[in-house]
Amino acid sequence: MADELHGVRRARVGIALVFAVHGAVTGTFATRIPWIQDHLDLGPGELGLALIAPAVGSFLAMPLAGRIVHRHGERTAVRALLMAWTLALALPALAPNLAVLWLALFVYGASAGMSDVAMNAQGVAVEERLGRSVMSGLHGMWCVGGLVASGFGVLAAHRGIDARVQFAVAAAVLTALAAAVTRPLLDVRPEPEQEAPPRFARPPRSALLIGLVGFCAVFAEGASMDWGGVYLRDVTGASAGTAAACYSAFAATMAAARLAGDTVVERLGPVRSVRLGGSVATVGGLLVVVSTGAWLAIPGFALIGIGIAVVVPLAFAAAGRSGGNASQAIAGVATVTYTSGLVAPAIVGGIAQATSLTVSFAVVTVLAAALIPSAGALRRRATADRAPARVPAHVD
């Protein structure tokens, strides 16, 4: 039993590092979106069109993740899908035109979505075996990875380093890390009598309610990550280095909030935590909308990050414990929430093309405010009795 518990604890460290590597890919990409826009001479509408490609790829690929996990086991699935995601990072900067950029981002989004489902399924398995909440902390590690990577992105942007070089180096390093950090994961496999999920399964009804709660938070997250730097540059007149630093502020505050999130949720409960977070995010959105300089916009983005931090971890934890195939339920929630987040940048770009980026973030602020009344939908799932701690059948 001691060896088994030690294996679960090693798996918790491993999955935390998996989340960090996954976040590092996003952080690397997000800080150089202004470079890609300038390199291909894209307008707001064209950039928004390109940024819808990850949403399409993710939407089509996420339902496949449950099947892959069922067939190969969680450890193998997480390793293969995470490495596909890290390698896909190199593609967008190599695109010579909008059409190729769209295809590159389609592959980028597909690998992102499938790896996300697999690693969250592993996180739920670790949480169940430990018998206590860890999902918020795991998502906090995702933000830490994004923050560290964004720091390198800020430095690269400040020094004028070609994003093609930066992305190639980052992809090689992160792929090597992905292979290493997945070794201690739990080799969770389905019971022999458990039926494989269909290749393309619609999200279960239970996942839709949970996913709709996450919709508002993930929309705000996707919009802030992909358009925050552009907003600072175009609306507030910030420099390239300062614009890139916007993602760092967003990721730093979200990381801190998620790392503390398990303790906060235990004390306040999930509904009160989400309502408080929605209030904070709304204030942040208002600061962004009324800002005339980076000194006000960056704190606004930081408050958005704090406010939405715990919503997605709570949604995934609820989905994983909702019964049936955990990876399939998580895939359903992820399809609803993350597809909205990946579509958000395109919607923001379309609104900006028709009106302005300020109006786009006014819409983001309204969605953040919608978290306050909608938080009650998490009550039944989030307050359900926790599954008893279990020991996995295969722990190395």
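Because the structure is predicted, anything quoted here is derived from the model rather than measured. Numbering of residues begins at 1 and proceeds along the displayed sequence.
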* **Co-membership, hydrophobic cluster, residues Met83 and Val78, 4.5 Å side-chain** => no
* **Partner residues of Leu103 under the side-chain contact (heavy atoms from CB on, under 4.5 Å) criterion, sequence neighbours left out** => none
* Asked: Going hydrophobic residue to hydrophobic residue with side-chain gaps under 4.5 angstrom, can you get from Leu303 over to Leu147?
  -> no
* **Donor-acceptor contact below 3.5 Å, side chain Thr253 vs main chain Phe250** => yes
* May I ask you to test the Val21-Trp85 pair for a side-chain heavy-atom distance under 4.5 Å? => no
* Exam field: side chain Ser273 to backbone Gly269, donor-acceptor pair closer than 3.5 Å -> yes
* Just how far is it from atom CG of Leu138 to atom CD of Gln122, taken to the nearest 0.5 Å? -> 9.5 Å
* To do: Show your working on side-chain contact (heavy atoms from CB on, under 4.5 Å) between Val117 and Met114 and close with a plain yes or no.
  => CA-CA 5 Å; Val117 169; Met114 290 192 293; 5.9 Å; no
* Is any side-chain heavy atom of Ser291 closer than 4.5 Å to a side-chain heavy atom of Thr236? -> yes
* Leu357 side chain reached by Val348 side chain, heavy atoms, under 4.5 Å -> yes
* **Gly300 versus Leu287, closest heavy-atom pair with distance** => CA-CB, 3.9 Å
* **Heavy-atom side-chain proximity of Phe152 to Thr31 below 4.5 angstrom** => no
* **Val144/Leu259 under side-chain contact (heavy atoms from CB on, under 4.5 Å): CA gap, chis, key distance, verdict** => CA-CA 9 Å; Val144 170; Leu259 289 172; 4.0 Å; yes
* To do: Hey, can you tell me if Phe301 and Phe361 have their rings parallel, tilted or perpendicular (30° and 60° cut-offs)?
  => perpendicular
* Does Trp35 belong to the same Ile/Leu/Val/Met/Phe/Trp/Tyr cluster as Leu40, with side-chain heavy atoms less than 4.5 Å apart forming each link? -> yes
* Are any of the side-chain heavy atoms of Val124 and Glu128 separated by less than 4.5 Å? -> yes
* Close side-chain approach of Leu94 to Phe167, heavy-atom, < 4.5 Å -> no
* Provide the closest heavy-atom pair for Ala118 versus Val69 in the form atom of the first, atom of the second, distance. => CB-CG2, 4.0 Å
* **Validation row: His139, Asn120 side chains within 4.5 angstrom (heavy atoms)** => yes
* Structure fact -> Closest non-hydrogen atoms of Trp227 and Leu51, given as atom of the first, atom of the second and distance, are NE1-CD1, 4.2 Å
* Asked: Just by distance, do the side chain of Trp102 and the backbone of Leu49 share a donor-acceptor pair under 3.5 Å?
  -> yes
* Structure fact -> Rounded to the nearest 0.5 Å, the CG atom of Leu268 sits from the CZ atom of Arg275 at a distance of 12.5 Å
* To do: Could you go through the side-chain contact (heavy atoms from CB on, under 4.5 Å) check for Val18 and Thr182 one step at a time?
  => CA-CA 7 Å; Val18 165; Thr182 51; 3.7 Å; yes
* **Interatomic spacing from CE in Met135 to CG in Asp262 - rounded to 0.5 Å** => 9.5 Å
* Using the six-membered ring wherever Trp is involved, compare the ring planes of Trp142 and His22 and label them parallel, tilted or perpendicular (cut-offs 30° and 60°). => tilted
* **Side-chain touch Arg67/Leu64, heavy atoms, less than 4.5 angstrom** => no
* Asked: Counting only N and O atoms by type, is there a donor-acceptor contact under 3.5 Å from the side chain of Thr358 to the main-chain atoms of Val289?
  -> no
* Go through Ser360 and Val363 one step at a time and tell me if the side-chain contact (heavy atoms from CB on, under 4.5 Å) criterion holds. => CA-CA 5 Å; Ser360 296; Val363 174; 5.9 Å; no
* Asked: Can you list the residues that meet the side-chain hydrogen bond (donor to acceptor under 3.5 Å, both in side chains) rule with Thr175, with sequence neighbours excluded?
  -> Thr86
* Asked: Which value, rounded to the nearest 0.5 Å, describes the distance between Glu127 atom CD and Ile15 atom CD1?
  -> 12.0 Å
* Separation between CG of Leu371 and CG of Leu276, rounded to the nearest 0.5 Å -> 11.5 Å
* Asked: In terms of hydrophobic clusters joined by side-chain contacts under 4.5 Å, are Val264 and Val213 together?
  -> no
* Structure fact -> Shortest non-hydrogen pair, Thr28 vs Ala170, comes out as CG2-CB, 4.0 Å
* Ile308 to Ala217 - nearest heavy-atom pair and separation -> CD1-O, 3.5 Å
* **Nearest-0.5 Å distance, CG of residue Leu101 to CD of residue Gln37** => 11.0 Å
* ILVMFWY cluster, Leu60 and Tyr108 together (side-chain gap under 4.5 Å) -> yes
* **Main-chain N/O of Ala125 paired with Arg129 side-chain donor or acceptor, under 3.5 Å** => yes
* **Shortest non-hydrogen separation from Gly48 to Ala346 and the atoms involved** => O-CB, 3.1 Å
